[in-house]
Protein chains: 2
Amino acid sequence: MEIEHTPEACTKSLMAVRDTLDVLNGKWKLPIIIALDSGPKRFNELERMITGITPKLLSKELRDLEANEFITRTVYPTTPVKIEYALTGYSGTLSRVIAEMRDWGIQHRKKITGR
Amino acid sequence: MEIEHTPEACTKSLMAVRDTLDVLNGKWKLPIIIALDSGPKRFNELERMITGITPKLLSKELRDLEANEFITRTVYPTTPVKIEYALTGYSGTLSRVIAEMRDWGIQHRKKITGR
DNA sequence: GATAGTACTATCCTTTAGGATACTGCTATC
DNA sequence: GATAGCAGTATCCTAAAGGATAGTACTATC
């Protein structure tokens, strides 16, 4: 596990893992991040790309992602205003975590279904 | 992101990440895994170690973890029977995922609180 | 024979996540 | 002046997660 085993170190590791889980969890955060990975998008564009999401959930998740600094919300003062959501550089710090989760998920699915 | 961008590859990656999230999520799975990391434990031992958990939740999570082959449940036919829960080798395959999540969580917390 | 421990299950309740549906105020176009 | 698109908000509802509390069947000890 590579995790220290003093009670304090364990609690700290546990908190850190839970923080990460909280940040990535929910049904829509990863689909949104993936949708934005191909470039900045507008609200209704995202709503159309991510099948099944409702505007309420999209709005909420975009706020959460912005609060965690994974995306920016830019208002262009045209008439009418144009609002664009884009990934930040900070969202890139998740790539190793996501890659590990993807790899583990792939092998786990093979293990479960393959027999 | 190191993730391919054909729609199929994206969907597959997304599914894999969600699988991993599902397997690790919930309030108690990681605390149980960590508690068992210091050796096999009995039901009431775990209940005492993991502060706040109720027997209902402990029982449910142990079943989930067993179904995913992260732990084994061994019945010793003594009188009265003794039941021991232990981590499997397969639980070790999570170590890289957990380590990445822990590291990311630690730096994220620093970023959020440190200003 | 009462008390305590083991390994749970059962029932009820609250909280949270998520979804359905409708609507708002704005502008641009037909 | 009607319709459609943009960027959401408001209201209501259901389902799942999680918690509180009690109880079961067994045994071992005092």
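Side chains are part of it too, since the values below use all heavy atoms of this structure and drop only hydrogens, waters and symmetry mates. Throughout, a chain's letter reflects where its sequence line sits, starting with A, and its residues are numbered from 1.
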Q.
Membership question, hydrophobic clusters at under 4.5 Å side-chain separation (ILVMFWY): are B:Ile106 and A:Met15 in the same one?
A. no
Here the distance between atom P of D:dG18 and atom CG of B:Asn25, to the nearest Å, is 7 Å
Comparing nearest nucleotides in DNA chain C, the 5'-proximal residue of the pair A:Thr79, A:Leu57 is A:Leu57
Taking C:dG18, D:dG19, D:dG18 as options, the one with an atom nearest any side-chain atom of B:Thr54 is D:dG19
A:Leu58 CG to D:dT9 P, in whole Å, measures 10 Å
Here the salt bridge (charged side-chain N to carboxylate O under 4.0 Å, His left out) pairs for residues 8-23 of chain B, sequence neighbours left out, are A:Arg109-B:Asp19, B:Arg18-B:Asp22
Quiz item: Within the structure shown, what part of the strands sits under 4.0 Å from B:Gly52 by heavy-atom distance: base, sugar-phosphate, or nothing?
Solution: nothing
Margin query: Before you tell me yes or no, could you show the steps for B:Tyr85 and B:Leu65 under side chain to side chain contact (heavy atoms under 4.5 Å, CB included), namely the whole-Å CA-CA distance, both residues' side-chain angles and the distance that decides it to 0.1 Å?
Written below: CA-CA 10 Å; B:Tyr85 296 93; B:Leu65 290 170; over 6 Å; no
Value for CG (A:Leu36) from CD1 (A:Ile71), rounded to nearest 0.5 Å, stands at 6.5 Å
Separation of D:dA17 atom P from B:Lys56 atom NZ, nearest Å, is 11 Å
Considering only nitrogen or oxygen atoms on both sides, find all protein atoms under 3.5 Å from nucleotides 3-8 of chain D and state each distance.
from: D:dC6; atom 1: OP2; to: A:Asn44; atom 2: ND2; distance (Å): 3.4
from: D:dC6; atom 1: OP2; to: A:Arg48; atom 2: NH1; distance (Å): 3.3
from: D:dC6; atom 1: O3'; to: A:Arg42; atom 2: NH2; distance (Å): 2.9
from: D:dA7; atom 1: OP1; to: A:Arg42; atom 2: NE; distance (Å): 3.0
from: D:dA7; atom 1: OP1; to: A:Arg42; atom 2: NH2; distance (Å): 2.9
from: D:dA7; atom 1: OP1; to: A:Ile83; atom 2: N; distance (Å): 3.1
from: D:dG8; atom 1: OP1; to: A:Arg73; atom 2: NH2; distance (Å): 2.6
from: D:dG8; atom 1: OP2; to: A:Tyr85; atom 2: OH; distance (Å): 2.6

CG (B:Asp37) and CD1 (B:Ile32) are apart, to the nearest 0.5 Å, by 13.5 Å
* Donor-acceptor under 3.5 Å (A:Lys29 side chain, A:Asn25 main chain) -> yes
Note to self: Counting only side-chain nitrogens and oxygens, does B:Trp28 get under 4.0 Å of the OP1 or OP2 atom of D:dA17?
What the structure shows: no
Taking D:dG18, D:dC12, D:dA20 as options, the one with an atom nearest any side-chain atom of B:Lys27 is D:dG18
